[in-house]
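Down below is the structure, laid out as structure tokens.
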2 protein chains.
Amino acid sequence: MMKIFTIGEVAKELNLTVYTLRYYDKEGLMPFVERAANGTRLFKESDIGALKIIECLKASGMPIKEIKNFIDWCSDGDSTLQKRYDMFMERKATVEAQMEELKKTMEVIEHKCFYYKTALDAGTEDIHKTDKIEIPIPN
Amino acid sequence: MMKIFTIGEVAKELNLTVYTLRYYDKEGLMPFVERAANGTRLFKESDIGALKIIECLKASGMPIKEIKNFIDWCSDGDSTLQKRYDMFMERKATVEAQMEELKKTMEVIEHKCFYYKTALDAGTEDIHKTDKIEIPIPN
DNA sequence: GTAAACCCTATAGTCAACTCTAGGTCAAGC
DNA sequence: GCTTGACCTAGAGTTGACTATAGGGTTTAC
């Protein structure tokens, strides 16, 4: 009925290595994953969902130790709802800031693309350097 | 006439530490910075400009070794114009990809903000879980 | 004239996030 | 029944990017 996945299958699905998944587990990011009698991890569909959230937090630049805090809060139930809400609101703000930052980075890069396009057309970078030569004020 | 800056001034201006700047120098990112007789680095206005480009490349996710390649190309003159153009075009593509990625991350985070907002209003996370209870098909 | 506040090099240490190795278990296929 | 391949743990090693320390030199402020 409920499909169970091995660590290898989950790794493939999420584009991670099994090493990484085991490392996350060791760091306490996956307390919800159950085990077979022999120790083999048994991933449920919902575990993969949780890992996707972890990946999202990682993509937002959150360090693993902070992600662990969040996971702990999830285990603690409703008493931590406010904390979790606040955390996501804060994440939202930092991602917004990152977007702004990236936009600025993009502007500089686009300017450089243009710079090198014209230099390439002219065959030399000097075309930009001569731009900047200060014209001596005639008497 | 032409203002010269110390490593400390440059560090402050670019929000880096002097350690970081010296580390960059050691990694070959600043071959253009001249030295006083006693070894003190003398930064020109244009050096700060170059460092801003380096910061931009760093912000785009480029590792320091690759930035060094670019700096080397700059020292090699016009023969490397094509490489440099190609590099910035590639950077542009990766930054675009990062923006896409961030947008997806943002969507998930916003969804979670909403999820926790409603949970908080309801006083329990169960409001979302009960959503998903499969209604047993009556006979 | 000396202490503070810079500068320098060389080298060691730190940190996060993996990544791999050694040594072992277990199930499936031939 | 034994090899192959996937799983396990504990722990060591790697990488990138700093960050700090030790030891030493100059310039500035009192």
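Residue numbers begin at 1 in each chain, while the letters A, B, ... track the order of the sequences.
Residue B/R41 is in sugar-phosphate contact alone, with no base atom involved, counting any heavy-atom pair closer than 4.0 Å across all strands shown. Residue-level contact check: B/K26 touches the bases, meaning some heavy atom is under 4.0 Å from a base atom.
Checking B/K58 against B/Y19, the closest nucleotide of DNA chain D that is more toward the 5' end is the one next to B/K58. Nearer the 5' end of DNA chain C, as judged by each residue's closest nucleotide, is the contact made by A/T20, out of A/N38 and A/T20. Comparing A/V18 and B/I64 against DNA chain D, the residue whose closest nucleotide sits nearer the 5' end is A/V18.
Taking the side chain as every heavy atom from C-beta outward, A/L16 and A/E55 approach each other to under 4.5 Å. Side-chain contact between A/K3 and A/F5 is present, with at least one heavy-atom pair separated by less than 4.5 Å.
Minimum interatomic distance between A/L57 and A/M87 (heavy atoms only, all atoms of both residues): CD2-CE, 3.8 Å. Across A/A59 and B/T105, no two heavy atoms sit closer than the pair CB-OG1, 3.5 Å.
Cation-pi geometry between B/K112 and B/Y115 is satisfied (NZ or CZ under 6.0 Å from the ring centre, within 45° of the ring normal).
Judged purely by atom type and a 3.5 angstrom limit, A/Q98 uses its side chain to pair as donor or acceptor with the backbone of A/S60.
Within 6.0 Å of CD in A/E27 there are more than 12 heavy atoms belonging to other residues, nucleotides or ligands. Shown here is B/F32, whose CZ atom has more than 12 heavy atoms of other residues, nucleotides or ligands within 6.0 Å.
Interface limits on DNA chain D: the 5'-most and 3'-most nucleotides within less than 4.0 Å of chain A heavy atoms are D/dC7 to D/dG11. Heavy-atom contacts of chain B under 4.0 Å fall on DNA chain C between two terminal nucleotides, which in 5' to 3' order are C/dC7 to C/dT11.
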